[in-house]
Amino acid sequence: MPELPEVETVKRGLEALIIGKKVQSVTHDNPKSFPNAEGDVQQFLINARITAVRRRAKVLLIDLDNHHSLMVHLKMTGQLVYVAEHARFGAGHPNDSLIHRLPDRSTRVTLAFNDRSHLFFNDQRKFGWVRLMPTVEIPNIDFMRKVGPEPLSDDFTAKEFIQRVRRRSGTNIKAVLLDQTVLAGIGNIYADESLWGAKIHPATLVKNVSDAKLKTLFAKIREVLLLSIEKGGSTDRNYVNAEGKKGSYISFARVFRREGKPCSRCGTIIVKTRVAGRGTHLCPHCQKLVG
DNA sequence: CACTTGACCTGTCCGC
DNA sequence: TGCGGACAGGTCAAGT
């Protein structure tokens with residue numbers, strides 16, 4: 001569920017919360033959640049200071065002042081939640097708030113900072129991970145070399161989007177949107193939402209989608225992502241931002257998790273089906289399958 | 001090579 | 001109430 005807007009929201013939150021802080025200790029409960037932790041942590045994480053927080057695709061990058069960085073992928077159920085010492089016991093948070101319960105059994109990695117605040121990496125399903133590596137090596141890892149352009153980047157044009165999508169002419173358009181090597185950051189929610197916006201059936205093969213439709217799709221992708229960032233992302237189940245708070249995009253969604261409800265454009269009942277191996281939501285009237 | 005499916009995990013929900 | 005099975009969906013490996 002964390003897709004581009006959710007990861008961007010976490011990134012902005014962390015930027016305001018952890019830059020300048022010094023790491024005092026690190027614990028982790030699951031080797032897969034932090035694969036290379038053993039030797040490197042002592043050498044490159046303890047006593048390092050955080051200098052920047054970045055995002056590329058759905059990956060968060062936390063830069064340290066020693067030429068190393070933490071990479072974090074939240075996958076489906078990952079959370080990065082910052083808890084200040086005073087927030088835990090002070091006023092301003094309901095007692096059942098997430099931050100009062102951390103760490104909990106989903107906590108995989110805990111960073112303690114020198115001011116007694118903490119950053120918790122929680123991940124119920126253990127698909128996500130944290131890695132530590134030299135900052136200059138990040139662009140060389142497989143994922144970074146293969147990942148496509150950022151949809152919201154100014155120099156990524158509709159023309160380039162269409163060119164990249166067209167290389168996959170025999171595939172359904174939803175699978176192509178989900179392919180991180182075509183463009184970065186789209187997942188199941190925003191694939192469904194932007195295809196509804198462009199009135200394209202998710203199962204339509206790329207070769208049966210016109211250039212005009214693809215151009216509209218590109219615009220809708222940007223529109224949907226920007227709206228979601230503005231709303232703090234989508235909380236379907238697990239997702240929370242760096243302060244442990246939920247996003248509200250879901251209440252603005254037009255098709256995602258709206259099966260059985262009327263389409264806001266034409267009133268036809270939204271259906272849920274399966275495309276590209278994923279639960280897929282669409283309006284059968286607005287999004288006709290062609291070809 | 002192009003494309004699709006299954007595995008990785010755990011918690012929740014649904015039907016019997 | 002208990003229990004098996006489907007489902008959730010990001011990414012990569014394995015399969016067609």
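Lettering follows sequence order; numbering is per chain, from 1.
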(request) Report yes if a side-chain nitrogen or oxygen of A:His73 is closer than 4.0 Å to either non-bridging phosphate oxygen (OP1 or OP2) of C:dG10; otherwise report no. (result)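 Answer no for this pair, as no side-chain N or O of A:His73 is under 4.0 Å from OP1 or OP2.
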(message) Please classify the nucleic acid contact of A:Gly170 as base, sugar-phosphate, or nothing, using heavy-atom distances under 4.0 Å.
(response)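 A:Gly170: backbone/sugar contact only, no base atoms under 4.0 Å.
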Under the side chain to side chain contact (heavy atoms under 4.5 Å, CB included) test, residues paired with [X] that sit two or more places apart:
{"X": "A:Leu17", "value": "A:Tyr82, A:Ala242, A:Glu243"}
{"X": "A:Asp211", "value": "A:Ile162, A:Arg166"}
{"X": "A:Thr157", "value": "A:Lys159, A:Glu160"}
{"X": "A:Asp236", "value": "A:Met1, A:Phe256, A:Arg257"}

(request) Using a 3.5 Å limit on both pairing distances, list the dot-bracket string of DNA chain C from the 5' end; Watson-Crick and G-U wobble pairs count, crossing pairs take [ ], interstrand pairs take |. (result) .|||||||.|||||||
(request) Under 4.0 Å from any heavy atom of chain A: name the first and the last nucleotide of DNA chain B that qualifies, 5' to 3'. (result)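 Nucleotide range in contact with chain A: B:dC3 to B:dT12.
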Between atom [atom1] in [X] and atom [atom2] in [N], what is the gap in whole Å?
{"X": "A:Leu178", "N": "C:dA8", "atom1": "CG", "atom2": "P", "result": "14 Å"}
{"X": "A:Gln180", "N": "C:dC12", "atom1": "CD", "atom2": "C1'", "result": "12 Å"}
{"X": "A:Arg125", "N": "C:dG10", "atom1": "CZ", "atom2": "C1'", "result": "10 Å"}
{"X": "A:Lys58", "N": "C:dG10", "atom1": "NZ", "atom2": "C1'", "result": "6 Å"}
{"X": "A:Ile186", "N": "C:dG10", "atom1": "CD1", "atom2": "C1'", "result": "13 Å"}
{"X": "A:Trp129", "N": "C:dT11", "atom1": "CH2", "atom2": "C1'", "result": "10 Å"}
{"X": "A:Lys32", "N": "C:dC12", "atom1": "NZ", "atom2": "P", "result": "15 Å"}
{"X": "A:Leu183", "N": "C:dG10", "atom1": "CG", "atom2": "P", "result": "13 Å"}

(request) If you link ILVMFWY side chains whenever their heavy atoms are less than 4.5 Å apart, which other residues fall into the same cluster as A:Leu282? By chain and number, please. (result)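 Members other than A:Leu282 - counting any ILVMFWY side chain reachable under 4.5 Å - are A:Val271.
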(message) Clusters formed by hydrophobic residues whose side-chain heavy atoms approach within less than 4.5 Å: which one holds A:Ile138, and what are its other members?
(response)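 So far as hydrophobic clustering goes, A:Ile138 is joined with A:Val59, A:Leu61, A:Met71, A:Trp129, A:Met133, A:Ile141, A:Phe143, A:Met144, A:Val147.
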(message) Do A:Leu4 and A:Ile229 make a side-chain contact, defined as non-hydrogen atoms from C-beta onward lying under 4.5 Å apart?
(response)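 In short, these two side chains touch, coming nearer than 4.5 Å.
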(request) For C:dT11 versus B:dC1, give the span between their P atoms, rounded off to a whole number of Å. (result)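 Comparing P positions in C:dT11 and B:dC1 gives a spacing of 23 Å.
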(request) Provide the distance between the two P atoms, one in C:dA14 and one in B:dC9, to the nearest whole Å. (result)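 Per the computed distance, 15 Å lies between those P atoms.
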(request) Apply the side chain to side chain contact (heavy atoms under 4.5 Å, CB included) test between A:Val81 and each candidate in A:Asn241, A:Thr107, A:Leu14, A:Ile99; give the one that qualifies. (result)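 Among A:Asn241, A:Thr107, A:Leu14, A:Ile99, the one meeting side chain to side chain contact (heavy atoms under 4.5 Å, CB included) with A:Val81 is A:Ile99.
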Distances for protein N/O vs nucleotides 3-7 of chain C N/O pairs under 3.5 angstrom?
none

(request) Return yes if some donor-acceptor pair links the side-chain N/O of A:Arg222 with the main-chain N/O of A:Ser153 below 3.5 Å, else return no. (result)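 Checked: pair present.
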(message) Whether the side chain of A:Lys58 engages the backbone of A:Ile186 through a donor-acceptor N/O pair (distance < 3.5 Å, no angle test) should be reported.
(response)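 Answer holds: yes.
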(message) Quick check on contacts: within residues 131-143 of chain A, what sits under 4.0 Å from DNA chain C by heavy-atom distance?
(response)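 Of all residues in residues 131-143 of chain A, the ones placing a heavy atom under 4.0 Å from DNA chain C are A:Phe143.
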(request) For A:Arg278 and for A:Asp236, locate the closest nucleotide of DNA chain C by heavy-atom distance; then report the residue assigned to the nucleotide nearer the 5' terminus. (result)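 Its nearest nucleotide lies further toward 5', so the answer is A:Asp236.
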Could you tell me which non-hydrogen atom of [X] sits nearest to which non-hydrogen atom of [Y], and how far apart they are?
{"X": "A:Ser69", "Y": "A:Asp63", "answer": "OG-OD1, 2.6 Å"}
{"X": "A:Arg56", "Y": "A:Pro149", "answer": "NH1-C, 4.2 Å"}
{"X": "A:Ala203", "Y": "A:Asn172", "answer": "O-CB, 3.5 Å"}

(request) Report the residue (A:Arg105 or A:Ala276) whose heavy-atom-nearest nucleotide on DNA chain B is the more 5′ of the two. (result)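 The answer here is A:Ala276.
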(request) For residues 274-286 of chain A, pull every pair meeting side-chain hydrogen bond (donor to acceptor under 3.5 Å, both in side chains), keeping only residues two or more places apart or in separate chains. (result)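 Listed by first then second residue: A:Lys174-A:Thr280, A:Asp192-A:His281.
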Under 3.5 Å between N/O atoms: give me all the protein pairs with nucleotides 13-16 of chain C, atom names plus distance.
none

(message) Between A:Glu15 and A:Arg54, does any NZ, NE, NH1 or NH2 come within less than 4.0 Å of an OD or OE carboxylate oxygen?
(response)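 Salt bridge absent between A:Arg54 and A:Glu15.
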(message) Name the residue from A:Asp29, A:Asn30, A:Asp123 that meets the side chain to side chain donor-acceptor pair (under 3.5 Å) definition with A:Arg108.
(response)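 So the option named by the test is A:Asp29.
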(request) Walk me through it: do A:Ser264 and A:Arg254 pass the test side chain to side chain donor-acceptor pair (under 3.5 Å)? (result) CA-CA 7 Å; A:Ser264 62; A:Arg254 308 298 201 121; 2.5 Å; yes
